[in-house]
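Structure first, commentary second.
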2 protein chains.
Amino acid sequence: MEKQTVTIYDVAREAAVSMATVSRVVNGNPNVKPATRKKVLEVIDRLDYRPNAVARGLASKKTTTVGVIIPDVTNAYFSSLARGIDDIAMMYKYNIILTNSDENGGKEVQVLNTLMAKQVDGIIFMGNQVTDELREEFRRSKAPIVLAGSVDAEKTQPSVNIDYVAAVAEAVKNLIDHGNEKIAFVSGSMDQAINHDYRLKGYKKALKDAGIAYDDKLVFETDYTYKAGQSLEPALSAAGATAAFVGDDELAAGVMNGLTDAGVAVPDEFEVITSNDTKLTELVRPKMSSITQPLYDIGAVAMRLLTKLMNNETVDENTVILPYGLMKRSSTK
Amino acid sequence: MEKQTVTIYDVAREAAVSMATVSRVVNGNPNVKPATRKKVLEVIDRLDYRPNAVARGLASKKTTTVGVIIPDVTNAYFSSLARGIDDIAMMYKYNIILTNSDENGGKEVQVLNTLMAKQVDGIIFMGNQVTDELREEFRRSKAPIVLAGSVDAEKTQPSVNIDYVAAVAEAVKNLIDHGNEKIAFVSGSMDQAINHDYRLKGYKKALKDAGIAYDDKLVFETDYTYKAGQSLEPALSAAGATAAFVGDDELAAGVMNGLTDAGVAVPDEFEVITSNDTKLTELVRPKMSSITQPLYDIGAVAMRLLTKLMNNETVDENTVILPYGLMKRSSTK
DNA sequence: CTTTGATGTGAAAGCGTTTTCACCCTTGCG
DNA sequence: CGCAAGGGTGAAAACGCTTTCACATCAAAG
């Protein structure tokens with residue numbers, strides 16, 4: 001006994017009107033006589049009719065779903081953005097097709113293609129390594145694409161971010177103001193635009209402003225994982241660093257715990273400041289000082305921007321920069 | 001200049017074959033002469049033809065997308081499951097429509113309906129408060145639905161879990177073995193089957209086995225948030241508890257930090273054991289002992305089970321129970 | 001040679017909507 | 001009273017595929 005699906009045609013027949021009319025009442029088209037509307041509504045209710053979104057998508061060329069490409073849902077930073085995205089999407093009646101990319105270029109291209117095949121109305125992309133191939137796919141897309149919490153060196157796509165350069169510069173300046181001269185820069189892959197073109201720039205700027213020479217021995221390129229951070233302590237100490245700016249909270253937690261476990265007192269002997277202000281910062285002891293970012297809002301604003309783009313509304317500014325801050329907790333003096 | 005879409009018809013014309021044949025080569029149907037296949041493939045490549053998944057979905061009644069209902073992506077437990085789900089989904093060529101429900105019954109019903117309207121081939125549901133209304137929707141669905149890391153008192157749906165009763169009993173027994181007699185049971189809402197029908201049962205069983213009387217003053221029903229845990233300390237102390245079993249890692253971190261901040265030494269004066277073995281357990285100090293669950297696998301297996309259901313393959317067991325363990329870290333003696 | 005059974009291919013009917021057009025009624029107004 | 005202007009409705013054509021069915025074609029078998 002396969003479950004029977006009732007179609008718009010069934011409703012039309014039962015209500016003794018045309019499919020067009022049923023379609024009109026379903027879509028809230030005002031050009032329907034109240035009496036007719038009522039009659040149709042009753043039949044819809046009686047038959048428990050539910051419009052088939054796929055057919056609707058084919059006919060109208062709109063699917064009310066948007067694709068979301070995320071490096072890893074499991075990462076607190078990205079999942080916070082995702083939450084903002086989904087909430088706003090739901091508010092505007094969109095659904096989200098979510099895919100993890102691991103920031104793997106090949107996978108990203110492939111995912112992008114299947115999203116486009118599925119006729120999503122728009123796409124939100126998170127990831128900081130926009131390859132040429134990827135950029136080419138972006139161009140090919142007829143659906144608007146906005147970057148959330150992610151930067152591309154060639155600022156060709158709409159995006160929502162904070163001013164990473166300024167934020168990092170301020171964070172590092174803070175460390176400098178506390179008397180640190182050997183400040184480590186710990187981040188993920190330098191292939192990522194956000195690290196190479198933004199954070200590092202901010203780091204260098206702060207050093208320069210303070211008249212401290214840049215030393216690439218203090219730059220640590222690693223993975224965005226707790227373990228990677230934890231095992232960084234020997235190297236950090238060997239380099240003579242007395243403080244560190246870290247590009248990811250989980251990584252920072254690792255760095256800090258690695259330090260602590262090795263008997264290095266944070267913040268007295270070593271200060272740590274991190275970047276994303278996720279929940280983690282409050283969980284660890286000492287609590288981590290951090291650049292603050294409106295994580296949820298970055299996602300939410302990106303989605304909102306996307307809705308405008310999808311509706312062909314004119315948007316004043318394609319690149320939106322949200323405010324950041326600095327939150328002093330206990331991992332800095 | 002709206003981007004032009006090339007359809008199967010264009011390919012057919014260019015290759016001088018019928019749509020049917022193009023469809024065959026696109027779908028890997030073997031009944032096509034190699035020469036024809038080659039010709040078609042060339043045209044496809046030249047025209048950069050990409051099949052429209054929506055049209056395909058309408059014609060074939062399969063969308064190769066599955067719905068995923070998750071309480072909150074931002075929660076480490078659930079996002080781990082989600083990661084397992086997505087990876088396996090991708091492996092089997094499915095995409096995921098992800099929606100946050102906040103375990104809100106009304107929202108869940110609504111989401112379920114839009115998922116069904118979008119003709120998803122299957123659904124994975126996470127959430128522990130299956131209301132009657134929701135159960136009714138489950139029944140209505142023609143797409144198979146499996147519960148992941150979630151239980152329903154009426155075990156009517158396929159599901160993937162661990163044996164919560166036994167796991168909690170073992171965890172609590174561990175606490176008892178350390179000499180604790182006043183053990184707090186800290187969890188989220190008791191309306192959730194997992195708390196009321198499983199964890200609490202395990203807790204009571206352990207007490208009973210040890211001949212300790214159950215005291216509902218030691219049961220703390222709260223939110224699954226860090227803050228909630230943190231502010232629990234006064235109550236915990238007032239109740240005279242010397243240990244606690246906690247139903248969520250973030251909550252547990254809060255409990256532990258609240259205790260520590262109030263000057264209660266963990267684990268010397270108070271032991272804490274948590275439930276989900278997420279990354280958090282390793283980040284906090286002391287590291288938290290926990291029931292271990294194969295989080296990623298629960299998601300992965302649930303998705304795998306769903307693929308079978310979607311293919312009408314016979315499955316030996318609708319209810320799969322994965323193994324759990326107990327990981328002693330530093331929040332217990 | 002004819003028959004048989006694969007094998008390869010095309011025509012056309014869906015799939016369940018939206019949307020365009022055309023048409024018919026009412027109204028209101030000069 | 002005649003007519004323009006809408007409001008309300010239906011017929012039917014898309015939308016871009018899959019799939020069924022029938023029809024050729026061709027090689028092997030009788």
Side-chain angles (χ1 to χ4, degrees), chain A residues 2-41 43-44 47-65 93 114 116-121 142, chain B residues 2-41 43-44 47-65 114 116-121 142-143:
Chain A
E2 182 61 20
K3 281 159 192 165
Q4 195 53 54
T5 86
V6 6
T7 73
I8 197 173
Y9 179 77
D10 299 319
V11 176
R13 183 170 28 73
E14 287 291 307
V17 299
S18 71
M19 290 164 46
T21 297
V22 178
S23 176
R24 289 192 188 95
V25 351
V26 168
N27 293 296
N29 184 317
N31 287 358
V32 181
K33 215 194 315 185
T36 314
R37 176 185 311 280
K38 180 149 174 289
K39 185 173 56 175
V40 172
L41 250 16
V43 175
I44 286 180
L47 265 42
D48 192 28
Y49 164 69
R50 320 212 180 168
N52 178 321
V54 173
R56 212 202 284 245
L58 182 59
S60 70
K61 296 176 163 298
K62 291 195 181 310
T63 54
T64 63
T65 108
K93 314 272 188 214
T114 96
M116 289 163 54
K118 294 216 167 167
Q119 312 296 117
V120 296
D121 295 337
K142 65 171 87 174
Chain B
E2 183 59 20
K3 282 159 191 165
Q4 194 52 53
T5 85
V6 6
T7 74
I8 198 174
Y9 177 77
D10 298 320
V11 176
R13 183 169 29 71
E14 286 290 308
V17 298
S18 71
M19 290 164 47
T21 298
V22 178
S23 176
R24 290 193 186 93
V25 351
V26 168
N27 293 298
N29 184 316
N31 287 358
V32 181
K33 213 192 320 184
T36 315
R37 177 186 309 279
K38 180 149 174 286
K39 185 174 58 175
V40 172
L41 249 16
V43 175
I44 286 180
L47 265 42
D48 192 28
Y49 166 67
R50 322 214 179 163
N52 178 322
V54 173
R56 212 201 283 244
L58 182 58
S60 69
K61 296 174 164 301
K62 289 193 182 312
T63 54
T64 64
T65 108
T114 98
M116 289 164 55
K118 295 215 168 169
Q119 312 296 119
V120 296
D121 296 337
K142 64 170 88 171

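Lettering follows sequence order; numbering is per chain, from 1.
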Given DNA chain C, 5'-ward residue of the pair P34(B) and K61(B), judged by closest heavy atom: P34(B)
Stretch residues 17-32 of chain B: residues that reach within less than 4.0 Å of DNA chain D through a heavy atom: M19(B), A20(B), S23(B), R24(B), N27(B)
S23(A) side chain to M19(A) backbone, donor-acceptor under 3.5 Å: no
Sugar-phosphate only, base, or nothing, as touched by R50(A) at under 4.0 Å among non-hydrogen atoms: sugar-phosphate
Closest listed nucleotide, where the reference is the side chain of L58(A) and the choices are dG14(C), dT9(C), dG16(C): dG16(C)
Backbone of N31(A) reached by a side-chain donor or acceptor of N29(A) within 3.5 Å: yes
Exam field: side chain K118(B) to backbone T63(A), donor-acceptor pair closer than 3.5 Å: yes
Whole angstrom value for the distance that separates C1' of dA12(C) from OH of Y9(B): 13 Å
Gap between atoms NZ and C1', on K33(B) and dG8(C) respectively (whole Å): 7 Å
Where V40(A) and V11(A) come nearest, the two heavy atoms and their spacing: CG1-CG1, 4.3 Å
Minimum heavy-atom distance between Y49(A) and V6(A), given as atom pair plus value: CD1-O, 3.3 Å
Closest approach of A12(A) to S18(A) (non-hydrogen atoms, all atoms of both residues): CB-C, 3.8 Å
dG8(C) phosphate, OP1 or OP2, under 4.0 Å from T36(B) side-chain N/O: no
Distance, rounded to the nearest Å, where R13(B) contributes CZ and dA11(C) contributes C1': 18 Å
Nucleotides bounding contact with chain A, strand DNA chain D, heavy-atom threshold 4.0 Å: dG8(D) to dG16(D)
Smallest separation among heavy atoms of V54(A) and N52(A), with atom names: N-OD1, 2.7 Å
Residue list, side-chain hydrogen bond (donor to acceptor under 3.5 Å, both in side chains) with T65(B), at least two apart or on another chain: none
